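Note that the structure is predicted; figures quoted are calculated from it, not measured. Chain identifiers are assigned alphabetically (A, B, ...) following the order of the sequence lines, protein sequences preceding nucleic acid strands; residue numbering begins at 1 within each chain.
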Protein chains: 2
Amino acid sequence: MSAAAALLRSHHLPVTAQRLAILHAVSRNPHATADLIAEAVRGELGSISRQAVYNALGVFAEKGLIRRIQPSGSAARYEDRVGDNHHHLVCRSCGQTVDVDCATGETPCLHALDDAGYEIDEAEVVYWGTCPRCLKQKK
Amino acid sequence: MSAAAALLRSHHLPVTAQRLAILHAVSRNPHATADLIAEAVRGELGSISRQAVYNALGVFAEKGLIRRIQPSGSAARYEDRVGDNHHHLVCRSCGQTVDVDCATGETPCLHALDDAGYEIDEAEVVYWGTCPRCLKQKK
DNA sequence: GGATTTTTTTGACAATGTCCATTTCTTGAA
DNA sequence: TTCAAGAAATGGACATTGTCAAAAAAATCC
C-alpha cells in the first residue's frame with residue numbers, strides 16, 4: 001500500500017484512484033490551480049471530472065492534508081507543504097507563486113490586536129509583486 | 001466643484017457622473033463588492049453598466065484612490081481607507097470584512113526574507129475566522 | 001460476498017470578470 | 001463657444017471558477 005493511501009486511511013477517507021492521483025498531482029505541482037491539477041491527473045488516469053477534483057481538494061484542505069491559498073484575482077491554488085509557517089509571493093501579471101519564509105520570525109502577524117469578536121483560525125500573508133520573467137518582458 | 005471631482009482631476013482622470021457616484025458609493029460602503037457598489041450607484045444615478053463600475057474601480061485602485069482586497073471565495077471588495085497600514089479580518093461563512101490593525105507594529109511583514117528576484121510592491125494580510133453573528137448561528 | 005456509505009460522473013447553473021464594438025461624454029484648444 | 005480628439009460608458013457575448021443535484025459506480029465494513 002502506498003504512503004498516499006495510508007495517509008488517506010489515517011484520515012478515514014476512502015481510497016480511490018482519483019484521490020491518489022490528485023494527491024500526487026498536488027505534490028508534483030506546487031501552487032497549481034484546480035484546473036492544472038485536473039490536467040495533471042488526466043495525464044495519469046486518462047480522465048477525471050471537474051467535480052471530483054473540487055471534492056477531493058476541498059476535503060483534503062479541510063482535513064489539513066494540503067493547504068489552499070487564494071490569491072486575489074487568481075483561482076485558488078493548492079500545495080503540499082503544510083504545518084509550517086510560510087507565506088507566498090505572487091506575480092501580479094502571470095500568477096506564478098513561490099514560497100517565502102516570513103521576515104519577522106516564527107509566528108508573524110498571527111494574532112490581530114483587536115479580534116472584533118471573531119474566532120480567528122488562520123492568518124494568510126501574500127506578497128504582491130512582479131516575477132523576474134515578467135520584469136524582463138516589460139523592459 | 002466637489003472634493004471628489006478635484007480628486008479625480010488631480011489624478012488626470014476625466015470627471016464623469018458615474019465615477020463620482022462610484023467614489024461616493026465606495027466611501028459610504030466600506031468593503032463592498034463591485035456588485036454592491038453598482039447597486040448603490042443605481043440608487044443615486046438610476047442606472048449604470050457593470051463595465052463602468054469595473055473600469056472605474058480598476059482605475060481608482062491602480063491610481064491608489066481606493067484599495068482593492070480580494071478575500072478567498074468572495075468577490076473583490078473595495079475601500080476608501082488607503083495609505084495606512086491595516087489588514088482585514090474576514091468571516092469564512094458570510095464574507096463580512098472588518099479592518100484590523102496589525103499586532104506587530106508599524107510595518108509588519110512588509111519585507112520577505114528572500115524575494116526570489118521579485119519586485120514586491122505590497123504585502124497583504126488576511127485573518128480568517130468566523131464573525132460573532134455566524135458563531136451564534138452555529139450554536 | 002452483500003449491504004451501506006461514499007465518491008464519481010454528468011449536466012445544469014451561478015457569480016465574477018473580461019473583451020469588443022458602438023455610442024456618448026469630457027477635455028483642451030482654436 | 002464650438003470642434004476635434006481622446007476617454008469613458010453602454011450593451012452583449014463570452015471565459016473562468018466554482019457549486020448544486022441526481023444517477024451511476026466504487027470502496028468500506030461486516
Side-chain angles (χ1 to χ4, degrees), chain A residues 1-2 4-23 25 31-39 41-42 44-63 65 68-78 92-95, chain B residues 1-2 4-23 25 31-39 41-42 44-63 65 68-78 92-95:
Chain A
M1 183 171 68
S2 77
L7 180 63
L8 290 176
R9 275 189 223 284
S10 75
H11 286 269
H12 308 291
L13 295 173
V15 176
T16 67
Q18 289 87 345
R19 285 178 163 180
L20 292 175
I22 288 167
L23 269 185
H31 313 122
T33 61
D35 200 56
L36 285 170
I37 289 164
E39 277 310 304
V41 170
R42 284 193 190 104
E44 198 173 325
L45 295 187
S47 78
I48 194 171
S49 69
R50 200 172 18 158
Q51 193 59 51
V53 174
Y54 280 112
N55 281 349
L57 290 175
V59 172
F60 294 168
E62 197 180 317
K63 298 273 182 178
L65 278 69
R68 161 194 275 147
I69 51 187
Q70 278 163 286
S72 325
S74 145
R77 291 165 184 275
Y78 299 86
R92 283 194 196 274
S93 64
C94 73
Chain B
M1 183 169 68
S2 78
L7 180 62
L8 290 177
R9 276 187 221 284
S10 74
H11 286 269
H12 308 293
L13 295 173
V15 177
T16 67
Q18 288 87 344
R19 286 180 162 180
L20 292 176
I22 288 167
L23 268 184
H31 311 123
T33 61
D35 201 56
L36 285 170
I37 288 164
E39 277 310 304
V41 171
R42 283 193 192 104
E44 199 173 325
L45 295 186
S47 77
I48 194 170
S49 70
R50 199 172 19 155
Q51 193 61 51
V53 174
Y54 281 112
N55 281 348
L57 291 174
V59 172
F60 295 168
E62 196 180 317
K63 298 272 182 178
L65 277 70
R68 161 193 275 147
I69 50 187
Q70 278 163 285
S72 326
S74 145
R77 290 164 185 276
Y78 299 86
R92 283 193 196 275
S93 64
C94 72

Step-by-step side-chain contact (heavy atoms from CB on, under 4.5 Å) determination, A/Y78 to A/T33: CA-CA 6 Å; A/Y78 299 86; A/T33 61; over 6 Å; no

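- Looking at heavy-atom distances under 4.0 Å, A/A75 makes contact with sugar-phosphate atoms alone, never a base.
- With rounding to the nearest 0.5 Å, the separation of CZ in B/R77 from CG in B/D35 is 11.0 Å.
- As a whole-Å value, the separation of A/N55 CG from C/dT10 C1' is 13 Å.
- Nucleotide C/dT7 holds its P atom 11 Å from the CD atom of A/E62, rounded to whole Å.
- Interatomic distance, A/H11 NE2 to A/L65 CG, rounded to the nearest 0.5 Å: 4.0 Å.
- Contact check, B/R9 against C/dT26: no side-chain N or O comes under 4.0 Å of OP1 or OP2.
- Distance NZ (B/K63) to C1' (D/dA8): 14 Å, rounded to an integer number of Å.
- Looking at heavy-atom distances under 4.0 Å, A/A76 makes contact with sugar-phosphate atoms alone, never a base.
- Atom-to-atom, CD1 of B/I48 to C1' of D/dA8 comes out at 11 Å; the value is rounded to the nearest Å.
- Rounded to the nearest 0.5 angstrom, A/L20 CG and A/L8 CG are separated by 6.0 Å.
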Can you check side-chain contact (heavy atoms from CB on, under 4.5 Å) on A/I22 and A/I48, steps first, answer last? CA-CA 10 Å; A/I22 288 167; A/I48 194 171; 3.8 Å; yes

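- In this entry the distance linking CD of B/Q51 with P of C/dT16 reads 15 Å, nearest Å.
- Following rounding to the nearest Å, B/I37 (CD1) and C/dA15 (P) show an atom-to-atom distance of 18 Å.
- The B/R50 side chain lies nearest to C/dG17 when the options are C/dT6, C/dG17, D/dT10.
- Residue B/R19 places no side-chain N or O under 4.0 Å from the OP1 or OP2 atom of C/dC25.
- Between B/T16 and B/R77, the residue whose closest nucleotide on DNA chain C is further toward the 5' end is B/R77.
- One atom, CD of B/Q18, and another, P of C/dT23, lie 18 Å apart when rounded to the nearest Å.
- Along DNA chain C, the nucleotide nearest to B/A17 and the one nearest to B/Y54 differ in position, and the one closer to the 5' end is contacted by B/Y54.
- Note: CG (B/L8) to C1' (D/dA8) measures 12 Å, nearest angstrom.
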